[in-house]
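Working notes, beginning with the structure itself.
A, B, ... follow the sequence lines: proteins, then strands. Residue 1 opens every chain.
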Amino acid sequence: MAGEVFKAPTGTHDVVPPTSARWEALERVFADLATRAGFGLLRTPVFEDLAVFKRVGEATDVVRKEMYDFEDKGGRHLALRPEGTAPVVRSFVQHRPPLPWKVWYQAPMFRYERPQAGRYRQHHQVGVEVLCTDDADLDVEVIALGHDYLRQLGLHQVTLLVNSLGDATCKPAYLDALRAHFATRTLCDEHKERYVENPLRVLDCKREACVGASADAPRMVDNLCEPCGAHFARVTAGLTAAGIDHTVESRLVRGLDYYTRTTFEFQADALDAAQSGVLGGGRYDGLVESMGGPPTPGIGFGSGIERVLLACDAEGVFPGPEASIDVFVVDVTGGETARDLVLELRRAGLGAERAYDGRSMKSQMKQADRSGARLALIVGDDELAAGEVTVRPLSGGDQDRVPRTDVIDRVRKLL
RNA sequence: GUGGCCGUAGCUCAGUUUGGUUAGAGCGCCAGGUUGUGGCCCUGGAGGUCGGGGGUUCAAGUCCCCUCGGUCACCCCA
């Protein structure tokens with residue numbers, strides 16, 4: 001063996017067959033659901049102007065320390081996409097499409113973090129965004145899409161948490177109330193100073209001191225202004241009407257600063273790993289404006305494919321398709337028949353494979369077995385001389401010899 | 001960025017505590033048993049610079065240092 005063996009970079013992974021077929025199947029499930037709900041596929045570049053992502057919040061970890069940013073040969077400061085919403089909004093502002101703009105995506109995301117269970121430097125998300133209105137029915141529709149997606153994969157041990165962060169009217173007053181509350185409490189080392197800057201973070205902190213201080217803290221949902229309260233009430237009522245169980249979690253803050261009003265997250269209870277959030281999102285009514293577009297409310301979610309598949313593994317659901325072909329051609333006469341026959345079969349729309357290198361019949365039959373093919377087509381000296389092919393069902397049963405010219409018809413009948 | 005654990009065959013791992021001749025197993029792969037037939041079984045085979053570098057020693061997979069990688073957790077997120 002010569003020298004260095006290269007490996008995929010830290011935090012990245014190859015998706016190798018047959019696992020890749022499972023990914024394709026998952027993406028198809030999502031694409032079908034989104035398409036039926038009126039969403040079109042949006043493909044955006046893998047990198048954007050760094051400033052696009054800074055709009056998700058200068059104070060967030062994603063922007064402060066997890067960005068894969070770089071300067072290109074033209075001196076432009078670019079960054080690999082760390083999340084899905086900002087590029088969609090940038091694209092919206094650039095193209096100004098007619099409303100409502102409902103798009104879905106399926107794309108790799110990049111964050112410079114230390115990898116661990118369910119977290120990678122390159123991970124993949126499917127997601128949707130709707131830009132148009134702050135109609136609460138849209139919140140319900142988007143959350144329901146996420147719910148149905150997870151359900152269609154077979155996941156059942158999933159908890160939906162919802163919250164409202166209020167808007168420009170009620171959020172500031174609530175933050176003041178929170179600050180006043182925490183000022184009288186003992187917080188963890190990290191937050192005892194930082195709470196002034198962003199008191200919502202304390203609600204998200206899992207350290208004992210902060211958990212205690214948060215327990216009787218004022219709840220945003222109790223301090224919403226009238227429009228926000230009415231909006232949130234219609235969202236939760238809509239979820240109930242849709243038969244979607246949900247829990248109002250006033251500490252669901254989420255890490256991106258652009259969220260207003262509704263935030264939500266589906267957690268996979270079957271995952272004992274620390275990363276159990278499999279689908280999360282929310283409303284961002286000020287983001288389009290901050291990117292230079294006309295005031296346009298928006299809502300969406302992202303869902304990590306790797307994590308969702310981990311959750312599927314934990315529940316033992318969504319195994320993915322069995323990779324198999326229709327027929328396997330076994331040729332011990334030199335290989336010319338196999339060479340011609342697999343092409344004929346494939347051109348006829350059938351899945352056909354063969355062995356190479358003139359292996360023994362036993363070896364070729366073994367490969368046929370492993371291939372998962374339903375039928376083996378066997379060509380030996382007798383068949384070659386007679387202008388025939390032996391058709392053998394690999395799951396058992398009697399084999400049969402048919403004229404070479406009738407092979408495709410016979411195969412079609414037997415499949 | 002901080003911390004714990006772990007790097008031995010393609011994969012999963014013994015062996016490391018008490019350094020000692022040619023480093024093992026299961027699975028997988030290849031071949032044979034069955035000279036035209038897969039799955040089950042039996043036999044054999046290929047495949048390792050023991051992550052890399054340095055050090056201690058007569059002798060290092062085993063002890064020490066450094067380094068790279070993996071993994072789990074914190075932070076945060078999908």
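- Heavy-atom distances under 4.0 Å link RNA chain B to no residue of residues 400-415 of chain A.
- Electrostatic pairing of A/Asp313 and A/Arg22 counts as a salt bridge here, judged by a charged N lying under 4.0 Å from a carboxylate O.
- Other residues, nucleotides and ligands contribute at most 12 non-hydrogen atoms within 6.0 Å of the CG atom of A/Asp245.
- Of the possible donor and acceptor atoms, none in the side chain of A/Glu265 sits under 3.5 Å from a partner among the backbone N and O of A/Leu161.
- The A/Thr10 side chain lies nearest to B/G69 when the options are B/G69, B/G38, B/U71.
- Here the separation of B/G70 from B/U12, taken at their P atoms, is 14 Å to the nearest Å.
- Nucleotides B/U18 and B/A73, compared at atom P, are 32 Å apart to the nearest Å.
- Sequence neighbours left out, the pairs with a member in residues 149-165 of chain A that pass side-chain hydrogen bond (donor to acceptor under 3.5 Å, both in side chains) are A/Thr159-A/Asp269.
- Residue contacts for A/Ile305: at a heavy-atom cut-off of 4.0 Å it reaches no nucleic acid atom on any strand shown.
- Interface residues of residues 139-165 of chain A facing RNA chain B, ordered by number: none; criterion, heavy-atom separation under 4.0 Å.
- Using a 4.0 Å heavy-atom criterion, one finds that A/Tyr120 contacts the bases of the nucleic acid, with or without backbone contacts as well.
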Response to the item:
Its contact letters, B for base, S for sugar-phosphate only and - for none at protein heavy atoms under 4.0 Å, make nucleotides 2-8 of chain B read BB-----
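- With sequence neighbours excluded, the residues satisfying side-chain contact (heavy atoms from CB on, under 4.5 Å) with A/Thr260 are A/Arg283, A/Asp285.
- In this view, A/Arg307 satisfies the salt bridge (Lys or Arg N to Asp or Glu O under 4.0 Å) rule with no residue, not counting sequence neighbours.
- In this entry the distance linking CD1 of A/Ile378 with P of B/G38 reads 9 Å, nearest Å.
- Atom C1' of B/A59 sits at a distance of 35 Å from the matching atom of B/G44, rounded to the whole Å.
- A/Gly118 comes within contact range of at least one nucleobase, with a heavy-atom separation under 4.0 Å.
- Residue whose closest nucleotide on RNA chain B sits further toward the 5' end, between A/Gly277 and A/Arg119: A/Arg119.
- For A/Tyr105, there are no ring pair (Phe, Tyr, Trp, His ring centres under 6.0 Å) partners at least two apart in sequence or on another chain.
- With B/G38, B/A78, B/G70 as the candidates, the nucleotide lying closest to the side chain of A/Glu113 is B/A78.
- Taking A/Glu66 as the reference, nothing meets the salt bridge (Lys or Arg N to Asp or Glu O under 4.0 Å) condition, with sequence neighbours excluded.
- Listed by chain and number, the residues in a side-chain contact (heavy atoms from CB on, under 4.5 Å) with A/Pro319 amount to none (sequence neighbours excluded).
- Regarding contacts with the backbone of B/A73, a side-chain N or O of A/Gln116 is found under 4.0 angstrom from either OP1 or OP2.
- In this structure, A/Glu306 reaches neither bases nor backbone, as no heavy-atom distance under 4.0 Å exists between it and the strands shown.
- Within the structure, side-chain hydrogen bond (donor to acceptor under 3.5 Å, both in side chains) contacts touching residues 392-403 of chain A (residues at least two apart or in different chains) are A/Glu388-A/Arg401, A/Arg392-A/Gln399, A/Asp400-A/Arg410.
- Ring planes of A/Trp101 and A/Phe92: tilted class, angle from 30 to 60°.
- In this structure, A/Tyr68 places its OH atom where more than 12 heavy-atom neighbours from other residues, nucleotides or ligands lie under 6.0 Å away.
- Only A/Arg359, A/Met361, A/Lys362, A/Ser363, A/Met365, A/Lys366, A/Asp369, A/Arg370, listed by number, bring a heavy atom of residues 352-373 of chain A to less than 4.0 angstrom from any atom of RNA chain B.
- Taking atom P in both B/C42 and B/C50, one finds a spacing of 32 Å when rounded to whole Å.
- A/Val332 comes within 4.0 angstrom of nothing in the nucleic acid, heavy atoms only.
- Screening residues 33-48 of chain A for side-chain hydrogen bond (donor to acceptor under 3.5 Å, both in side chains) gives A/Thr44-A/Arg81, A/Glu48-A/Arg90 as the qualifying pairs, with residues at least two apart or on separate chains.
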